[in-house]
Amino acid sequence: MNAIQKIKGVADLFEPDSTAFTRLETVAREVFGRFGYAELRVPVLEKTELFARSIGEETDVVQKEMYTFPDRKGRLLTMRPEATAGIMRACIENKVFAEKPVVKLFSFGPMFRYERPQKGRMRQFHQLDAELLGPKEPEADAEVLLMLWTYLRELGLQKLCFELNSLGCARCRPGYRQALVDYFSGLAPAALCEDCRRRTNTNPLRVLDCKVPGCKAATAGAPLITDHLCPDCAAHFASLRAALDAQGVEYTLNPRLVRGLDYYVGTTFEITSSDIGSQTAVAGGGRYDGLVRDLGGPDVAGIGFAIGMERLAMLLPGVKPEAPDFFLALLDQGAAGAALALAQRLRGMGLRGDMDFTAGSPKSRLRAAGKSGARFCLLLGADELNRGTVQAKDLAGGGQTEVPLEDLTALAALFETPGSEA
RNA sequence: GUGGCUGUGGCGCAGUUGGUUAGCGCGUCAGGUUGUGGCCCUGAAGGGCGAGGGUUCAAGUCCCUCCAGCCACCCCA
């Protein structure tokens with residue numbers, strides 16, 4: 001019988017890959033907690049309509065990347081392709097806005113997008129999300145960005161590029177959009193690639209982000225959103241920049257930074273790395289005032305970001321697994337019960353280690369002990385059992401002592417002495 | 001969805017123009033005389049060559065389909 005294999009674009013993460021994810025989560029809980037964020041867990045499955053309404057019917061994500069299927073009663077469900085929509089749904093449904101004017105939440109878990117896998121792009125991938133709901137002041141944007149910045153620094157990541165832009169609001173965007181369309185229609189028909197000619201009508205902002213060389217050249221002189229912001233947006237953006245400057249956060253202004261989800265307005269940002277393949281975005285986010293209202297909730301402002309955990313993990317330096325304290329070697333099967341009891345006592349003292357279940361020769365057991373990387377090999381056989389003792393061999397130094405099994409203090413003392421490095 | 005490359009024991013690889021029982025390194029396990037590791041030596045286990053068809057007297061080696069991986073486009077975290 002053929003063994004069943006995993007489906008395309010998903011991953012099994014064993015040690016030490018799994019430890020990188022654990023680290024990302026641990027540091028996130030710590031840092032985000034310091035900023036007052038509470039953890040939220042939301043379902044992976046939602047009604048398809050939630051994503052269609054929030055992300056945008058015309059986006060690539062909704063058009064061709066969602067895992068959507070009818071359940072047994074014919075309801076259309078979707079495996080979430082991003083987290084914000086579900087978090088907003090949960091907030092509205094649980095009326096969290098009625099309790100407090102400012103809501104800070106973070107969440108992480110798997111997301112699903114039906115795409116062709118490649119480096120840094122999985123069909124099941126994981127995101128770390130943070131959302132700040134309520135305040136619309138630029139200092140709120142600044143705090144969110146500072147939190148992301150702090151998180152990345154505490155992970156020890158230096159070589160990241162921080163890009164910032166403002167997409168404008170419902171008041172300034174139509175004018176800018178028209179300016180763009182006018183500019184594009186003034187170009188030679190062949191100046192833009194086929195996709196971009198279509199985008200000129202559907203999503204002219206996206207043309208600015210096209211990587212085709214011809215398009216890059218053709219849009220070099222295109223009008224920039226930052227020159228078309230309304231007074232409110234311009235002031236907001238200026239205040240945000242001032243706040244970031246004051247905090248020493250280094251960033252690059254990228255007037256061509258366009259996000260792929262329709263709900264973004266105003267401040268947008270992206271953290272990129274050139275070390276993780278052609279998918280460069282490690283984290284991205286922005287302001288989404290109006291999203292909660294559009295999903296049937298009150299008109300509260302919001303800003304947040306998502307971090308791609310797989311991509312971030314690629315940048316993390318390798319972590320060495322913690323070495324065990326002991327390896328309990330069994331020399332005679334008759335001592336198995338005593339070995340289990342001893343191991344349990346040691347673990348009760350907070351020590352880490354493995355024990356043999358099957359007895360073997362001293363040579364084979366010591367070999368195994370050496371490979372385990374343990375500091376001590378404890379040997380227990382018929383002789384020791386008769387004497388009521390256990391042999392403790394220092395695997396780095398080589399010294400060996402015999403300790404009475406019942407002598408807790410002597411056992412504890414063994415592990416308290418500084419280990420000899422060899 | 002498109003394109004290129006790839007798929008041989010746990011891991012990394014070699015396998016001549018298709019031809020006897022598919023090799024190597026690492027790893028795993030055991031042994032190198034009395035209950036003691038890490039180096040060294042010896043031996044053993046473990047694959048029928050991603051899956052399924054086809055061509056042939058004969059296929060890991062040729063053809064087809066599918067699956068998976070990698071990289072890129074696209075898109076995004």
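Residue numbers start from 1 in every chain, and the chains themselves are labelled A, B, ... in the order their sequence lines are given, proteins ahead of strands. Here the structure is a predicted model, which is why all the values come from computation and not from measurement.
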With A:His126, the ring-ring contact (aromatic ring centres under 6.0 Å, His included) member among A:Phe112, A:Phe108, A:Phe21 = A:Phe21

request  = Answer whether the closest heavy-atom distance between the side chains of A:Leu180 and A:Leu208 falls below 4.5 Å.
outcome  = yes

task = State, with a plain yes or no, whether a side-chain heavy atom of A:Tyr151 is found less than 4.5 Å away from one of A:Leu312.
result = yes

remark   = Classified by glycosidic angle (syn within 90° of 0, else anti), B:rG48 comes out syn

inquiry  = So for A:Arg365 and B:rG38, does any side-chain atom that can act as donor or acceptor lie under 3.5 Å from a complementary atom in the base?
reply    = no

ask   = Is B:rA44 paired to anything, Watson-Crick or G-U wobble with both distances less than 3.5 Å, and if yes, which nucleotide?
value = B:rU28

query = If you find the nucleotide of RNA chain B closest to A:Gly285 and the one closest to A:Leu379, which residue's nucleotide is nearer the 5' end?
reply = A:Leu379

inquiry  = Looking at A:Glu46 and A:Leu77, would you say the former's side chain and the latter's main chain have a donor-acceptor pair under 3.5 Å?
reply    = no

remark   = Against the side chain of A:Lys119, the closest entry in B:rA77, B:rA72, B:rA68 is B:rA72

Main-chain N/O of A:Thr280 paired with A:Arg311 side-chain donor or acceptor, under 3.5 Å = no

message = Using a 4.0 Å heavy-atom cut-off, does A:Gly284 contact any base of the nucleic acid, only the sugar-phosphate backbone, or nothing at all?
response = sugar-phosphate

message = Given B:rU36, B:rA77, B:rG35, identify the nucleotide with an atom nearest to the side chain of A:Leu366.
response = B:rU36

inquiry  = Counting only side-chain heavy atoms from C-beta out, which of B:rC70, B:rG31, B:rA77 sits nearest to A:Ser364?
reply    = B:rG31

message = Under a 3.5 Å distance rule, please check whether A:Arg365 uses its side chain to pair with a backbone N or O of A:Ala359 as donor and acceptor.
response = no

key: Any A:Lys371 side-chain N or O less than 4.0 Å from OP1/OP2 of B:rU28   = yes

task = For A:Ala306, report the nucleic acid contact type (base, sugar-phosphate, nothing); a contact means any heavy atom under 4.0 Å.
result = sugar-phosphate

note = Separation of B:rC76 atom C1' from A:Leu312 atom CG, nearest Å, is 16 Å

message = So A:Gly9, base contact, sugar-phosphate only, or nothing? Heavy-atom distance under 4.0 Å.
response = sugar-phosphate

Closest to side chain of A:Leu395, choosing from B:rA30, B:rC74, B:rG37 = B:rG37

ask   = Nearest nucleotide by nearest heavy atom, which residue falls closer to the 5' end of RNA chain B, A:Tyr114 or A:Ser361?
value = A:Tyr114

remark   = Taking a pair to mean Watson-Crick or G-U wobble geometry with both distances below 3.5 Å, B:rG1 pairs with B:rC73

query = How long is the line joining CG of A:Asp12 and P of B:rG10, in whole Å?
reply = 16 Å

query = Taking N and O atoms by type only, does the side chain of A:Gln118 place a donor or acceptor under 3.5 Å from a partner on the base of B:rC74?
reply = yes

key: Spacing of A:Glu310 atom CD relative to B:rG69 atom P, expressed in whole Å   = 14 Å

Any donor-acceptor N/O pair under 3.5 Å between B:rG27 base and A:Arg367 side chain = no

request  = Using a heavy-atom cut-off of under 4.0 Å over every strand shown, decide if A:Gln63 touches base, sugar-phosphate, or nothing.
outcome  = nothing

query = Is there a donor and acceptor pair, one atom on the side chain of A:Arg121 and one on the base of B:rC71, closer than 3.5 Å?
reply = no

request  = Return no unless some side-chain N or O of A:Ser278 is found under 4.0 Å from OP1 or OP2 of B:rC71.
outcome  = no

query = Should the ring pair A:Phe305 and A:Phe269 be called parallel, tilted or perpendicular, given that the plane angle runs from 0 to 90° and is split at 30 and 60?
reply = perpendicular

task = Could you give the distance separating B:rA22 and B:rA58 at their C1' atoms, to the nearest angstrom?
result = 16 Å

inquiry  = Between the base of B:rG37 and the side chain of A:Gln400, is there a donor and acceptor pair under 3.5 angstrom?
reply    = no

message = When both hydrogen-bonding distances must be under 3.5 Å and the geometry is Watson-Crick or G-U wobble, what is B:rC39 paired with, if anything?
response = none

message = If I pick the P atom on B:rC62 and the same atom on B:rU17, what distance separates them, to the nearest angstrom?
response = 11 Å

inquiry  = Using OP1 and OP2 only, check whether a side-chain N or O of A:Arg116 sits under 4.0 Å from B:rG3.
reply    = no

task = Tell me which nucleotide among B:rC76, B:rC70, B:rU36 gets nearest to the side chain of A:Arg113.
result = B:rC76

message = Please name the nucleotide paired to B:rG18 by Watson-Crick or G-U wobble geometry with both distances under 3.5 Å, or report none.
response = none

message = Would the base of B:rU36 count as contacting A:Lys363 through its side chain, where contact means a donor and an acceptor less than 3.5 Å apart?
response = no

inquiry  = Both distances below 3.5 Å, Watson-Crick or wobble geometry, any strand: find the nucleotide opposite B:rC13.
reply    = B:rG23

Test item: A:Asn165 side-chain N/O and A:Leu257 main-chain N/O as donor-acceptor pair under 3.5 Å = yes

inquiry  = Just to be sure I understand the rule, does A:Leu261 reach a base, reach only the sugar-phosphate, or reach nothing, if contact means heavy atoms closer than 4.0 Å?
reply    = sugar-phosphate

C1' spacing across the pair B:rG4 / B:rG47, given as an integer number of angstrom = 30 Å

ask   = For B:rC66, which nucleotide is its Watson-Crick or G-U wobble mate, given both distances must be under 3.5 Å?
value = B:rG50

key: Nearest-angstrom distance, P atom, B:rA51 to B:rG60   = 11 Å

